[in-house]
Amino acid sequence: MRLSKAHLKTLREAPSDAVLESHKLLVRANMIKQESAGIYMFPKLGWRTVRKVEQIVREEMDYIDCQEIHMPHVNPAELWQETGRWYAYGPELWRIQDRAGNDFILNPTCEEMFTDFARKEYSSYKELPFSIYQIQFKYRDEARPRYGLLRTREFIMKDAYTFDATEEDLHTAYMRQYHAYEKIFTRCGLDFRIVEADNGPIGGSKSHEFSALSDWGESDILYCDNCGMAATAERAETRDEKQAPEEMKEMELVKTPDCKTIEDVCAFLKIPTAKSIKALMFRTYDDEMQPKDYVAAFVRGDRQLNMTKLVNALNIPAHNIEFADEVEMGAATGIVGGFTGPMGLKNCIIVVDSELVDTVNMCAGANQEDHHMLGVCYGRDYTGDIVTDIKELQEGDACPHCGQPVKFRRGIEVGQVFKLGLKYSESMGATYKDENGKDHPYWMGCYGIGVTRTMQAIVEQHHDDKGIIWPMSVAPYHVIITVVKTADEDQMKLAYDIEKKLEDAGLEVILDDRDERPGVKFNDADLIGIPIRITVGKLAGEGKVEYKLRRDAELETLTADEAVDKAIALWSEEKDGRHLYKNLSEETLNAH
RNA sequence: CGGGAUGUAGCGCAGCUUGGUAGCGCAUCUGACUGGGGGUCAGGAGGCCGUAGGUUCAAAUCCUAUCAUCCCGACCA
């Protein structure tokens, strides 16, 4: 590709609304361009990298015998009503109507379509197991798109679905995808971590998230170096802390004026926050968004409530709950805002963190203005309608498995795998016949990769102050030939010669033959992040060039042929990213 | 959806307080010089100042509404 005949409009300054370095660089390098909030177009270079990532995904899916198909982006509402997700998915589901007023959606994910496909196209145990996938644009009407490609309303996703006869077979299918994902993200050059994750609205029993480590990720990861535990904050179990045994005291009402927070109260009463009970009040709604229940949740004063766990405990969709109006809720249930305790409440669901069950002599709100209660004991003074783990694991807390302090990092969720179990096959009647002609629902799994998000995650991990540093496997081009002075015939002749040799060998080459100052060309080459740069300059008359890798500073003067050979050798080594497999386990490498 | 901010040329910004002919840098076009890390000089083109109302002799500037975009939060297979 010759730049004199192509369009490459790099920007010296990033748009002011970009926050992340990766976002700024992708825009400046002319690889993405925003059309509206969370909607992007991809100019030539960006689109090439998108397709490189897709190709890696495709190769690894094909390797595990997953079959590529393509579903329409527009789905009839009926399928979504059949599984109930028409309501359960909430406002993020992008709904549209046709001219006759029929409801459709733009698919955010495709469990319904693939399950529907399975029940129509497949019928016999002889056809099992099977797995199918697609790579297509997905749509989610996000309340707040942000951070470039990390959270968009239109994005490219690979979604795969597996169908098996038994739970054991599902596990096999799940692990195949899991291992394929390890290879995919490794080949993309990502530094990632695999963590246990919550299933969320997709449902099912087990899930892992593949998270590219980054301080800017939206995924909170807690992990333990001692035992290998790793989970998202939403999912991470906690260990209930035992308190030193003590005699139960009588409850005692104390005045706590002007104490608005747990810290205020505990400071005023001179007790540790771990001896207090924190209250959080909620209102739940039904599928038609009509008010349903009041909920009062209680955790130890020094803990944080985990909303995902609460929502799971209540068995409702996450968007069907919000903080309650305390005045309104007080009238119905007896709570008093700022002084809410678990005693004597009515007309509400009381959810108590399991850790509180063994505590005695706690401090809790007295449900009276300006008063708290001391000596509060579980069982004697209050009980929960639901008692379970609803607290958040935080950095430094005891690992739920081994008790060592856990560590914290952020990550960009680039992929997630789910064991769905029978959820969709049963609700949609997707069954196969066994040897005796008897019907059984499929054991299903689903597996997603955010392709466009992965692209930005790669930039987030591979850049410097000059620009992007693409790994060879996803670089839009492998080599850029920078001609210092295009008016010089020797230079142009040598550059064309190198271009031809590289392209004949299969490399993708940019020839920067623009009539620009060399500084402009060098800066552009750095910005767009092409892995290998060959500079043709004043030594062209002697047949010599400079060879430089984007990722390091070293500059070598070589003959043109040496440079060509060197570029081809490096490209052969790194073009598909498999040279990075050295970091993977035998189990992963052998998984097929 | 709650809180905050911003909309002026492709990008980055000034002008608004105190109303009076719409400006700067980069990019772009012409020409010349230049040629190893975002050049120099000269000349040119490009804007319904987000949109709609209002106040005023006069509005980018003041008022109201609305839309859009971004940030924090909530939410997020």
Side-chain angles (χ1 to χ4, degrees), chain A residues 7-20 23-24 27-28 30 33-39 80 83 85 88-93 107-112 138-148 150-153 155 157-161 197-204 207 209 218-219 232 234 282 289 307-308 311 317-323 413 415-418 420 423-424 445-450 453 466-467 482-488 491 514-527 533 535-540 545-546 548 553 555 557:
Chain A
H7 176 80
L8 174 68
K9 197 181 178 86
T10 55
L11 296 176
R12 192 177 297 202
E13 290 172 290
S16 56
D17 54 19
V19 177
L20 292 205
H23 181 196
K24 291 179 187 170
V27 173
R28 285 187 54 212
N30 195 218
K33 190 167 164 56
Q34 182 173 326
E35 294 298 342
S36 55
I39 311 276
W80 284 70
T83 58
R85 287 211 293 178
Y89 208 97
E92 219 177 279
L93 188 60
N107 39 235
T109 174
C110 279
E111 284 75 18
E112 281 80 359
K138 293 292 189 301
Y139 297 86
R140 291 177 194 179
D141 193 5
E142 293 280 352
R144 183 145 100 85
R146 63 189 126 168
Y147 298 154
L150 292 191
R151 183 158 297 277
T152 55
R153 296 195 291 173
F155 59 98
M157 183 168 93
K158 185 273 327 188
D159 47 324
Y161 305 83
D198 185 74
N199 282 60
I202 281 232
S207 176
E209 189 174 299
E218 295 182 281
S219 202
T232 62
E234 293 178 335
F282 300 94
M289 294 312 281
M307 277 302 286
T308 303
V311 156
H319 60 268
N320 285 6
I321 188 167
E322 63 177 30
F323 286 108
E413 180 197 336
Q416 192 167 359
V417 292
F418 297 87
L420 295 174
K423 172 175 168 159
Y424 292 89
C446 74
Y447 316 88
I449 289 178
R453 183 186 276 183
K466 302 289 279 181
T482 303
V483 183
V484 171
K485 187 172 174 179
T486 50
D488 183 325
Q491 291 186 22
R514 293 175 297 174
D515 181 19
E516 287 285 355
R517 312 248 327 165
V520 172
K521 299 186 187 186
F522 291 140
N523 280 306
D524 274 347
D526 287 347
L527 178 59
R533 188 179 86 202
T535 305
V536 181
K538 47 183 171 271
L539 298 177
V545 299
E546 276 156 15
K548 181 183 175 303
L555 200 97
T557 301

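Per chain, numbering begins at 1; letters A, B, ... match sequence-line order. Values below: every heavy atom of this structure, side chains too, minus hydrogens, waters and symmetry copies.
Minimum interatomic distance between Lys466(A) and Asp526(A) (heavy atoms only, all atoms of both residues): CE-OD2, 3.7 Å.
Looking at heavy-atom distances under 4.0 Å, Lys521(A) makes no contact with the nucleic acid at all. Within 4.0 Å of Ala18(A), counting heavy atoms only, lies no atom of the nucleic acid at all. Using a 4.0 Å heavy-atom cutoff across all strands shown, Tyr147(A) reaches sugar-phosphate atoms only and no base atom. Within the 4.0 angstrom heavy-atom criterion, base atoms lie near Glu413(A). At a threshold of 4.0 angstrom between heavy atoms, the contacts of Lys138(A) with the nucleic acid are absent. Across all strands shown, Arg153(A) has no heavy atoms under 4.0 Å from either base or sugar-phosphate atoms. Contacts of Asn30(A) with the nucleic acid, taken as non-hydrogen atoms under 4.0 Å apart, are absent. Heavy atoms of Met307(A) sit under 4.0 angstrom from primed sugar atoms or phosphate atoms, though from no base atom. Among the atoms of the strands shown, none is found under 4.0 Å from any heavy atom of Gly448(A). Nucleic acid contact for Asp526(A): base, since at least one base atom lies under 4.0 Å from a heavy atom of the residue. Nucleic acid contact for Ala37(A): sugar-phosphate only, since backbone atoms but no base atoms lie under 4.0 Å from a heavy atom of the residue. Using a 4.0 Å heavy-atom distance criterion, Val19(A) is classed as a sugar-phosphate-only contact. In this structure, Thr482(A) reaches neither bases nor backbone, as no heavy-atom distance under 4.0 Å exists between it and the strands shown.
Base pairing of rG47(B) is not made with any nucleotide, judged by Watson-Crick or G-U wobble geometry with both donor-acceptor distances under 3.5 Å. In this structure rU69(B) sits in a base pair with rA5(B), meeting the Watson-Crick or G-U test at under 3.5 Å. The partner of rA42(B) is rU30(B), judged by Watson-Crick or G-U wobble contacts that both fall below 3.5 Å. Using N1 to N3 plus N6-O4 or O6-N4 for Watson-Crick, or N1-O2 and O6-N3 for G-U wobble, each under 3.5 Å, rC24(B) pairs with rG12(B). Look at rA74(B): it lacks any Watson-Crick or wobble partner with both distances under 3.5 angstrom. In this entry rG35(B) has no Watson-Crick or G-U wobble partner, no candidate having both defining distances under 3.5 Å. The partner of rU64(B), taking Watson-Crick or G-U wobble pairs whose two distances both stay under 3.5 Å, is rA52(B). Nucleotide rA59(B) forms a pair with no other nucleotide shown, judged by Watson-Crick or G-U wobble geometry with both contacts under 3.5 Å.
Nearest to the side-chain atoms of Asp524(A) among the listed nucleotides rG12(B), rU69(B), rG38(B) stands rG38(B). Distances were taken from every side-chain heavy atom of Pro518(A) (C-beta onward) to each of rG35(B), rU69(B), rC76(B); the shortest belongs to rG35(B). Nearest to the side-chain atoms of Ser16(A) among the listed nucleotides rC13(B), rA27(B), rG35(B) stands rC13(B). The nucleotide whose nearest atom lies closest to any side-chain atom of Leu11(A) is, among rG35(B), rC11(B), rC75(B), rC11(B). Among the nucleotides rC75(B), rG37(B), rU28(B), the one closest to the side chain of Glu516(A) is rU28(B). Closest to the side chain of Phe522(A), from the set rC76(B), rG37(B), rC70(B), is rG37(B). Residue Arg517(A) has its side chain nearest to rG35(B) when only rG35(B), rG38(B), rU69(B) are considered. Side chain of Arg12(A), nearest nucleotide from rC71(B), rA27(B), rG37(B): rA27(B).
Taking atom C1' in both rU17(B) and rG35(B), one finds a spacing of 49 Å when rounded to whole Å. Nucleotides rG47(B) and rC11(B) place their P atoms 14 Å apart, quoted to the nearest Å. The gap from the C1' atom of rU21(B) to that of rG31(B) amounts to 31 Å, rounded to the nearest Å. For rG43(B) and rG25(B), the P atoms lie 13 Å apart once the distance is rounded to whole Å. With both ends at atom P, the span from rC29(B) to rG10(B) equals 15 Å, rounded to whole Å. Here, rA52(B) and rC41(B) have their P atoms 41 Å apart, quoted to the whole Å. Between the C1' atoms of rU6(B) and rC13(B), the separation comes to 13 Å (whole Å). When the C1' atom is compared between rU40(B) and rC26(B), the two are found 16 Å apart, to the nearest whole Å.
Between the side chain of Arg153(A) and the main chain of Glu142(A), no donor-acceptor pair closer than 3.5 Å is present. Within the 3.5 Å criterion, the main-chain N or O of Asp198(A) finds a donor-acceptor partner in the side chain of Gln416(A). Checking side-chain atoms of Gln491(A) against main-chain N and O of Gly537(A) turns up a donor-acceptor pair under 3.5 Å. Judged by distance alone, the side chain of Lys9(A) and the main-chain N or O of Asn30(A) form no donor-acceptor pair under 3.5 Å. Side chain of Ser207(A) to main chain of Val417(A): a donor-acceptor pair is present (N/O by atom type, distance under 3.5 Å, no hydrogens or angles). Using a distance-only test at 3.5 Å, with no hydrogens or angles considered, no donor-acceptor pair links the side chain of Arg151(A) to the main chain of Pro145(A).
Phe282(A) has its ring centre less than 6.0 Å from the ring centre of Phe323(A).
Summarising the geometry, the separation between NE2 on His319(A) and P on rG73(B) is reported as 22 Å, rounded to the nearest angstrom. For Asn320(A) and rC76(B), the CG to P distance is 10 Å, given to the nearest whole Å. If you measure from atom CD of Glu218(A) to atom P of rC72(B), you get 9 Å, rounded to the nearest angstrom. Counting to the nearest Å, the C1' atom of rG10(B) and the CD atom of Glu35(A) are 13 Å from each other. In this entry the distance linking CD of Glu13(A) with C1' of rG12(B) reads 4 Å, nearest Å. For the pair Asp17(A) CG and rC72(B) C1', the computed distance is 16 Å after rounding to whole Å. Summarising the geometry, the separation between CZ on Arg144(A) and C1' on rA68(B) is reported as 16 Å, rounded to the nearest angstrom. Look at NZ on Lys9(A): it is 6 Å from P on rU28(B), rounded to the nearest Å.
Under a 4.0 Å N-O distance rule, the pair Arg146(A)/Glu218(A) qualifies as a salt bridge.
At the phosphate of rG38(B), neither OP1 nor OP2 sits under 4.0 Å from any side-chain N or O atom of Thr10(A). Distances shorter than 4.0 Å separate some side-chain N or O of Gln34(A) from OP1 or OP2 on rC70(B). For the pair Arg146(A) and rC70(B), the criterion of a side-chain N or O lying under 4.0 Å from OP1 or OP2 is not met.
Tyr139(A) and Asp141(A) form no side-chain donor-acceptor contact under 3.5 Å, judged by distance and modelled atom types alone.
Between Thr486(A) and Lys33(A), the residue whose closest nucleotide on RNA chain B is further toward the 5' end is Lys33(A). Nucleotides of RNA chain B nearest to Arg28(A) and Arg514(A) differ in position, and the one nearer the 5' end is that of Arg514(A).
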